[in-house]
Q: 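Take a look at the following structure, please.
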Amino acid sequence: MEQIALGYPKSRNGLKRRFRVGENAILALLFISGVFSIFTTIGIVYELGKEALLFFRTPNVDLWSFLSGTQWQPHIDKFGILPLFTSTLITSLFAMLIAAPLGMGAAIYLSEYASEKVRGFLKPILEILAGIPTIVYGYFALTFMTPLLRTIFGRDVVEIYNTASAGLVMGILILPMIASMAEDALSAVPNALREAAYGLGGTKLEVALKVVVPAAISGIAAAFIVGISRAIGETMIVAVAAGAGPNFTFNPFKGAETMTGHIVRISGGDLSYDSIDYNSIFAIGLMLFFVTLTLNLISQQVVRRFREVYE
Amino acid sequence: MNGPSIQKPEIEFTDNIRDRNRYGRLWVYIFRFSTIIGIIALATLLFNIINQSSGYVVYEAKGDPAALTLDGVPIEEQTKDQLMRVLSSHLSKGAYSKLDRTKPFAERSRNDVYDLVVERIVKYEVVDSWLLWDSLTRKDEITAAVEEEYPEALLRFDVWINSDFLRRPQSSNPVIAGVRTAVLGSLWTIGITILFAFPLGVMAAIYLTEYAGDSWANRIIQTNINNLAGVPSIIYGILGLAIFVRALEPLTSGTLFGVTDPTSANGRTILSAGLTLGLLVLPLIIINAQEAIRAVPNSLRHAGYGLGATKWQTVWSHVLPNAIPGILTGTILAISRAIGETAPLVVIGASTVIYFDPEGPFSKFTTLPIQIYQWTSRPQDEFRFLAAAAILVLLALLLTLNAVAVLLRNRYSRRY
Amino acid sequence: MTHTIEKIKTQRIKVSEKLVYVLETKKLNIYYDDFRAISEVNMKIERNKVTAIIGPSGCGKSTLLRSFNRMNELVQGSRISGEVLFHGQNLYAPDVDPVEVRHRIGMVFQKPNPFPKSIYENIAWGARVHGFKGNMDELVEYSLRQAALWEEVKDILDHSGLALSGGQQQRLCIARALAVQPEVILMDEPASALDPISTLHIEDLIRELSNHYTILIVTHNMQQAARVSDFTAFFNMNGDRSGYLVEYDNTNQLFTMPKNKLTEDYITGRFG
Amino acid sequence: MDDKSKETPVLRKTFENELQQLKDEILLLGSMVEQSILESVEALKKRDIPAAERILELDKKVNAKRYAIENQVMIVIATQQPMAHDLRLLASIMEINGELERMGDYAKGIATINIRMGEQALLKPLIDIPRMAQKGVDMLHRALTAFINEDVEAARLIPAEDDEVDALYNQVYRELITLIIQDPTSIERANWLLWAAHNLERVADRVTNICERTIFIATGKIKDIRSSDDEAQKLKNSP
């Protein structure tokens with residue numbers, strides 16, 4: 001009988017662990033890519049911190065007057081961030097005034113009321129709204145919202161550049177984002193809860209508002225926080241429509257510069273390095289970074305807790 | 001049974017069903033209204049832009065176009081040579097040769113020369129303009145008013161977004177300004193963004209989903225990426241300004257490679273812009289790619305391992321091919337965000353007025369959104385119209401990209 | 001407008017003590033779009049008894065159960081023909097409010113589904129939306145006692161309902177259903193997600209509750225039906241997969257001497 | 001039992017109730033049988049024909065009860081899926097149910113003898129036969145109590161008392177044989193009494209079966225309590 005040779009390849013060192021150069025090189029490359037984002041963060045914190053430190057080292061500038069000063073006039077060495085901060089606050093407030101209730105309403109409608117067909121039609125529209133570049137919204141604020149406000153409230157009351165217009169349009173920008181995040185949160189509420197509430201004789205509204213919304217509340221809160229963070233960091237709308245020049249005012253119909261708007265205007269020209277203007281945008285940037293970072297961290301925490309309830 | 005006997009309390013319910021149903025109906029309207037606001041906003045926005053992108057325009061010429069007729073041929077129909085003769089006869093010698101120096105006439109096309117004639121000699125100026133809506137609804141009124149107020153002037157229905165608009169470079173004269181420089185600038189920038197962010201993002205995503213365990217370090221990386229996605233874009237601009245424009249100036253300005261572009265004196269180049277946007281979209285690409293990779297069923301990985309493949313072999317030949325449509329879709333969405341970004345580019349110092357096409361990564365740059373921003377900031381109506389036209393170009397670009405993304409998604413989503 | 005509201009008011013379901021049958025279906029068909037899930041069901045549900053619905057999976061048991069308090073309407077594309085009578089009144093008459101129906105005919109679901117609220121709020125919710133006027137603390141205690149849960153949770157009423165064990169959660173859901181004072185309780189496989197001991201607790205509770213409530217229970221576990229019910233209805237599917245009533249009888253009779261060969265095959269596990 | 005139920009919460013109340021009901025029914029059937037045994041012997045002793053006829057009526061009720069219990073056991077098995085102890089209990093109830101009905105038949109047999117004897121007087125005054133009845137009924141009563149309480153110890157002890165009944169039977173047997181030898185014409189009348197005594201002896205035997213079932217419920221083991229010697233002895237003595 002002829003023996004059939006089974007062709008098992010003989011490996012050099014049997015089953016022993018082998019060092020694979022290629023594998024390890026690739027792993028190293030992948031690892032570096034993964035860690036790269038850490039460098040970005042370090043870069044942000046380091047650069048912002050370094051230049052901001054230079055800014056605060058300048059004579060006539062100190063942290064307290066930076067945080068509490070009501071005047072931002074670099075040519076007379078006044079660096080109080082309040083005028084920039086209040087207008088950021090006003091625009092964000094206006095934005096949330098529009099986006100929070102409407103976004104919430106749209107989310108509830110889409111998740112609880114709309115039929116599959118209507119949802120299939122409405123959601124892409126919201127997605128398109130969310131995908132339009134912010135400069136387009138800025139254009140819209142300047143050429144549509146401002147004239148509209150001036151027609152309604154009078155040309156004497158509403159200035160050509162004003163925070164209200166910027167804020168309202170920012171609300172339209174944030175609305176689809178809040179609607180979509182809140183809708184995700186509402187849709188994640190198990191259907192069993194809705195059935196339970198219907199089974200107890202709840203009306204559709206009671207089921208939606210008293211069971212589904214409370215059950216999704218942390219997801220909704222996260223959506224709001226991200227919305228606020230987005231509003232604070234939003235730049236082009238305010239750069240185009242909110243006006244130039246720091247102006248410490250609470251009147252939303254007057255022009256005023258936000259933190260982001262200021263950075264854009266100052267750096268728009270040829271900014272010379274190591275000038276106080278150059279350094280000041282880092283100080284403002286640092287503040288912006290920490291505010292939005294805090295908000296984002298809070299929202300992530302809130303979302304995580306929300307997930308824990310159901311998963 | 002067990003425990004104390006149960007005493008039934010007084011239980012009575014109010015007959016409130018009428019009120020409850022009424023509230024129910026009322027709130028449906030409120031919810032529906034909220035949703036409709038979104039649609040109205042989109043419609044208004046589009047209408048507003050289209051409304052400004054075409055309409056009646058009244059031109060007045062400083063020079064008389066009729067006087068420029070050569071050999072009985074009006075300037076609109078003249079050849080390049082004829083136009084050059086018109087130019088040389090109406091301009092000073094110095095001005096003519098200066099034009100030749102910036103770009104030799106031999107290299108200019110017939111249309112370029114025609115534009116020069118219009119710009120330098122005819123000098124059309126917009127004296128009045130109307131929006132599309134008015135132009136369509138009040139046509140007779142406008143014609144009558146124009147005949148009365150500007151009897152000499154040329155009344156024309158202009159569509160601001162046209163082939164000339166796409167073809168022409170930037171100009172300080174709104175009549176002949178175009179977006180070619182800006183579109184090319186955008187494409188160059190995005191090209192660099194993709195080259196930088198796509199491989200890096202996909203590799204990071206592979207590391208995080210396939211290789212990284214659940215260690216605290218990896219959790220920090222993951223959290224960090226999620227946070228970076230929420231950092232305002234202007235912060236990236238500041239970072240780009242400090243790192244790419246300033247610290248890495250020799251690299252980004254090209255001097256390191258011996259490139260000496262006379263127009264770029266510092267690091268405010270396409271390369272800097274592309275890298276800045278790259279940093280901006282990197283977390284988005286990573287997150288999207290991670291999702292695409294996670295969606296690949298585990299059975300495929302096990303099949304690979306079961307055949308004795310190494311981890312990378314499995315990832316490369318089983319996981320990635322199946323995840324690539326999702327990765328591409330996510331990347332396209334991230335890129336469309338980058339195309340529309342304005343603020344970081346303003347901060348790193350986009351040039352607002354460039355008349356010449358970018359030639360490489362070390363050129364000065366402008367992009368479409370920057371162009372829109374710059375035109376929007378001008379007080380004259382004509383520039384607003386140009387901005388509207390440029391916005392339409394930008395939206396068309398984004399729409400195309402998104403359509404590609406949707407096609408990709410639909411085409412490959414049947415796989416599992 | 002006022003006229004119809006008046007009508008609704010007068011049409012509100014009145015409980016009559018005389019009737020022995022609480023619920024009755026007449027030629028009931030239930031459809032999902034074009035698919036008929038339940039065909040031509042005629043059955044009467046006796047007052048203060050436990051009636052079990054058994055049958056192979058997919059025979060439309062749950063669908064039928066949900067039609068008794070119009071929960072099936074929440075599924076898009078579902079519709080019925082025929083009548084479901086509650087004390088002689090058609091639940092599907094145009095002037096009957098489904099919310100009112102579900103107030104009278106409560107429901108307990110397959111998976112325990114407490115609201116992510118406190119135990120107390122879980123009980124109080126339903127009563128509150130129906131405009132409960134009395135002492136809520138008493139109602140909560142009463143409902144929890146009825147559901148045999150009071151002793152276990154009386155000190156942790158402010159804890160989340162989700163913190164309870166599966167069996168406790170299901171008894172909480174039963175207590176929650178009891179708090180709105182329904183007359184009928186529909187139970188859709190109430191113990192299928194529970195461990196055997198919790199299952200027995202729930203079964204005991206069902207027996208106990210049948211002294212005061214009419215209970216309809218759908219179960220895929222026919223031993224359970226045998227254990228807890230007074231009457232059992234066996235459903236099967238036609239060739240076109242629509243469910244029909246095969247046999248409906250006293251549980252003792254049905255499980256010892258079924259009249260129909262199909263029933264016998266099913267309960268003896270010889271179902272082909 | 002009570003202490004146990006306090007420690008662990010009582011589950012399956014319905015099932016427990018149904019089992020308890022069945023036990024009660026068995027006790028009821030038992031007492032009906034006890035009554036008919038005692039009354040049948042009493043009637044025989046007094047030659048009271050109407051009383052004997054009442055026994056026949058009572059036996060019909062015993063039979064009806066037996067079938068009712070059997071049916072109920074079947075329902076409980078079908079609906080409650082008994083396992084282990086519960087299953088042994090129900091199987092034993094079924095068995096004991098039959099035993100009791102059979103004992104009822106012995107009483108009926110004695111009543112029938114009484115009626116068949118017609119005008120004939122008793123061969124001798126009844127002394128040991130009522131004792132046998134008394135002893136048998138006493139054993140039955142205690143066996144049923146042991147069964148209800150699942151008292152294994154008691155159940156183990158009761159069968160030994162069967163010897164007493166056997167002894168009484170042997171005595172009656174010898175006595176009647178002596179009478180027949182003395183007067184062969186008395187053979188028929190002697191035979192009546194012998195049959196009655198035999199029936200009562202069988203009652204005691206069947207009590208043993210009940211005790212075996214009680215032990216079976218607790219231990220799961222079927223054990224023949226009577227030794228083979230006893231059995232051989234009995235065979236020898238039986239007519």
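Each chain gets a letter, A, B and so on, in the order its sequence line appears, and its residues count up from 1. Side chains are part of it too, since the values below use all heavy atoms of this structure and drop only hydrogens, waters and symmetry mates.
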Q: Is a side-chain N or O of Thr292(A) found less than 3.5 angstrom from the main chain of Phe289(A), in a donor-acceptor match?
A: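 Flag set: sc Thr292(A) to bb Phe289(A) pair under 3.5 Å.
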Q: Identify, with sequence neighbours excluded, every residue that meets side chain to side chain donor-acceptor pair (under 3.5 Å) alongside Lys50(A).
A: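 If we apply the side chain to side chain donor-acceptor pair (under 3.5 Å) test to Lys50(A), skipping adjacent residues, there are no hits.
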Q: With chain A, which of Phe33(B), Trp375(B), Phe31(B) has the greatest number of heavy-atom pairs at distances under 4.5 Å?
A: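 Greatest number of close heavy-atom pairs with chain A: Phe31(B).
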Q: Report the distance from atom CH2 of Trp316(B) to atom CD1 of Ile26(A), rounding to the nearest 0.5 Å.
A: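 Taking CH2 in Trp316(B) and CD1 in Ile26(A), the distance rounds to 8.5 Å.
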Q: For the interface with chain A, which of Asn218(B), Ile39(B), Thr223(B) has the highest count of heavy-atom pairs at distances below 4.5 Å?
A: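 Of the candidates given, the most pairs with chain A belong to Ile39(B).
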Q: Let's test your reading of the structure: which of Ile220(B), Thr44(B), Val245(B), Asn51(B) forms the most heavy-atom pairs below 4.5 Å with chain A?
A: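 Heavy-atom pair counts peak at Thr44(B).
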Q: Please classify the contact of Thr342(B) with chain A as side chain, backbone, both or neither, using a heavy-atom distance under 4.5 Å.
A: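 When you check distances to chain A, atoms from both the backbone and side chain of Thr342(B) fall under 4.5 Å.
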Q: Looking at residues at least two apart in the chain, or sitting in another chain, which of them share a side chain to side chain donor-acceptor pair (under 3.5 Å) with Ser317(B)?
A: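 Not a single residue meets the side chain to side chain donor-acceptor pair (under 3.5 Å) criterion with Ser317(B).
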Q: Between Leu42(B) and chain A, with a heavy-atom cut-off of 4.5 Å, which part of the residue counts as in contact: side chain, backbone, both or neither?
A: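 Both backbone and side chain.
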Q: Tell me whether Asn279(A) contacts the main-chain N or O of Leu54(A) through its side chain, where contact means a donor paired with an acceptor under 3.5 Å.
A: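 The answer is no, because no donor-acceptor pair under 3.5 Å joins these two groups.
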Q: Which of the residues Thr376(B), Leu394(B), Ile234(B), Val231(B) is involved in the greatest number of heavy-atom pairs with chain A at under 4.5 angstrom?
A: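 Heavy-atom pairs under 4.5 Å are most numerous for Ile234(B).
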Q: Under a 4.5 Å cutoff for heavy-atom pairs, which residue among Ile135(A), Val35(A), Thr235(A) has the most contacts with chain B?
A: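 The answer is Ile135(A).
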Q: Tell me, side chain or backbone of Ala205(B) under 4.5 Å from chain A's heavy atoms, or both, or neither?
A: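 No part of Ala205(B) comes within 4.5 Å of chain A.
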Q: Which one wins on heavy-atom pair count under 4.5 Å against chain B: Val169(A), Ile38(A), Thr203(A)?
A: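 Heavy-atom pair counts peak at Ile38(A).
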Q: Mark yes when over 12 heavy atoms from residues, nucleotides or ligands other than Trp312(B) sit less than 6.0 Å from its CH2; otherwise mark no.
A: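 Yes, the 6.0 Å shell around CH2 holds more than 12 heavy atoms from other groups.
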Q: State plainly whether the residues Lys123(A) and Glu127(A) are in salt-bridge range, i.e. N to O under 4.0 Å.
A: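 Looking at Glu127(A) together with Lys123(A), the answer is no, because their closest N to O distance does not fall below 4.0 Å.
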Q: Any idea which of Ile372(B), Val202(B), Asn226(B) has the most non-hydrogen atom pairs under 4.5 angstrom with chain A?
A: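 Ranked by contacts with chain A, first place is Asn226(B).
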Q: Heavy-atom distance under 4.5 Å to chain B: side chain of Leu48(A), backbone, both or neither?
A: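 Interface part for Leu48(A): side chain.
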Q: Given heavy-atom pairs under 4.5 angstrom as the criterion, report whether the side chain, backbone, both or neither of Phe140(A) touches chain B.
A: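 When you check distances to chain B, atoms from both the backbone and side chain of Phe140(A) fall under 4.5 Å.
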Q: Does any backbone or side-chain atom of Pro369(B) lie under 4.5 Å from a heavy atom of chain A? Answer side chain, backbone, both or neither.
A: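 Its backbone and side chain both get close to chain A.
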Q: Report, in residue-number order, which members of residues 170-178 of chain A are under 4.5 Å from chain B by heavy-atom distance.
A: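 If one takes a 4.5 Å heavy-atom cut-off, the residues of residues 170-178 of chain A near chain B are Ile172(A), Leu175(A).
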Q: Taking the side chain from Ser186(B) and the backbone from Leu368(B), do they hold a donor-acceptor pair closer than 3.5 Å?
A: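 Here the side-chain-to-backbone pair exists.
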Q: Can you tell me how far apart OG (Ser233(B)) and CD (Glu234(A)) are? Round to the nearest 0.5 Å.
A: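 If we round to the nearest 0.5 Å, Ser233(B):OG and Glu234(A):CD are 7.0 Å apart.
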Q: Below 4.5 Å, heavy-atom pairs only: which of Gly285(A), Gly105(A), Gly233(A) has the largest tally toward chain B?
A: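 Counting heavy-atom pairs under 4.5 Å, the top option is Gly105(A).
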Q: Examine whether an atom of Ile125(A) lies under 4.5 Å from a heavy atom of chain B, and if so say whether it belongs to the side chain, the backbone or both; otherwise answer neither.
A: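 For Ile125(A), the contact with chain B is made by backbone and side chain together.
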Q: What pairs of residues pass the salt bridge (charged side-chain N to carboxylate O under 4.0 Å, His left out) test when at least one of them lies in residues 217-229 of chain B, not counting sequence neighbours?
A: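 Qualifying pairs, neighbours excluded: Asp214(B)-Arg219(B).
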Q: Roughly how far, to the nearest 0.5 Å, is the CD atom of Glu249(B) from the CZ atom of Arg268(B)?
A: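 Reported value, rounded in 0.5 Å steps: 9.0 Å.
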Q: Can you tell which part of Ile44(A) gets under 4.5 Å to a heavy atom of chain B, answering side chain, backbone, both or neither?
A: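 The answer is both parts of Ile44(A).
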Q: Is Leu142(A) in contact with chain B via its backbone, its side chain, both, or neither, using a 4.5 Å heavy-atom distance?
A: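 Looking at Leu142(A), just its side chain touches chain B.
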Q: Based on non-hydrogen pairs under 4.5 Å, which of Val240(A), Leu288(A), Thr143(A), Leu126(A) is most in contact with chain B?
A: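 It is Thr143(A).
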Q: Mark yes or no for whether Asn402(B), through its side chain, and Leu398(B), through its backbone, hold a donor-acceptor pair below 3.5 Å.
A: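 Answer holds: yes.
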Q: Side chain, backbone, both or neither: which part of Leu228(B) has a non-hydrogen atom closer than 4.5 Å to chain A?
A: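 Contact with chain A involves the side chain of Leu228(B) alone.
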Q: Would you mind checking which part of Leu282(B) comes under 4.5 Å of any heavy atom in chain A, side chain (CB onward), backbone (N, CA, C, O), both or neither?
A: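 Just its side chain gets close to chain A.
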Q: With no hydrogens and no angle check, is any side-chain donor or acceptor of Tyr236(B) less than 3.5 Å from a backbone partner on Gly278(B)?
A: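 Answer holds: no.
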Q: Do you know which of Ala179(A), Ser299(A), Pro133(A), Ala239(A) has the most heavy-atom pairs with chain B at a distance under 4.5 angstrom?
A: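 Between Ala179(A), Ser299(A), Pro133(A), Ala239(A), the count favours Pro133(A).
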Q: With chain A as the partner, which of Leu208(B), Ile49(B), Asn48(B) has the greatest number of non-hydrogen pairs under 4.5 Å?
A: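 Top count of heavy-atom pairs under 4.5 Å with chain A: Asn48(B).
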Q: Please state whether the side chain, the backbone, both or neither of Glu206(A) comes within less than 4.5 Å of a heavy atom of chain B.
A: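 The side chain, not the backbone.
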Q: Please check if atom OH in Tyr23(B) has more than 12 non-hydrogen atoms from other residues, nucleotides or ligands closer than 6.0 Å.
A: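 12 or below, so no.
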Q: For Glu51(A), is it the side chain, the backbone, both or neither that has a heavy atom under 4.5 Å from a heavy atom of chain B?
A: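 Contact with chain B: side chain only.
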Q: Chain B heavy atoms under 4.5 Å from Tyr46(A): which part of the residue, side chain, backbone, both or neither?
A: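 Neither part.
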Q: When rounded to the nearest 0.5 angstrom, what is the spacing between CD1 in Ile237(A) and OH in Tyr139(A)?
A: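 Ile237(A) CD1 to Tyr139(A) OH: 15.0 Å, rounded to 0.5 Å.
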Q: Ignoring hydrogens, what is the shortest heavy-atom contact between Met236(A) and Val346(B)? Give both atom names and the distance.
A: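 That would be CE-CG2, 4.5 Å.
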Q: Counting only N and O atoms by type, is there a donor-acceptor contact under 3.5 Å from the side chain of Thr41(A) to the main-chain atoms of Ser37(A)?
A: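 Yes.
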Q: So what's closer than 4.5 Å to chain A heavy atoms on Arg337(B): side chain, backbone, both or neither?
A: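 Arg337(B) has no heavy atom closer than 4.5 Å to chain A.
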Q: Go through the atoms of Ile238(B) and report whether side chain, backbone, both or neither lie under 4.5 Å from a heavy atom of chain A.
A: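 The answer is both parts of Ile238(B).
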Q: Distance-only, no hydrogens or angles: does the Lys311(B) side chain make a donor-acceptor pair with backbone N or O of Glu210(B) under 3.5 Å?
A: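 Flag set: sc Lys311(B) to bb Glu210(B) pair under 3.5 Å.
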Q: For Ile160(A), is it the side chain, the backbone, both or neither that has a heavy atom under 4.5 Å from a heavy atom of chain B?
A: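 For Ile160(A), no heavy atom lies under 4.5 Å from chain B.
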Q: Tell me whether Ser92(A) contacts the main-chain N or O of Thr88(A) through its side chain, where contact means a donor paired with an acceptor under 3.5 Å.
A: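 Yes; at least one donor-acceptor contact below 3.5 Å.
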Q: Taking Ala141(A)'s backbone N and O only, do any of them form a donor-acceptor pair with Ser165(A)'s side chain (distance below 3.5 Å, no angle check)?
A: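 Flag set: sc Ser165(A) to bb Ala141(A) pair under 3.5 Å.
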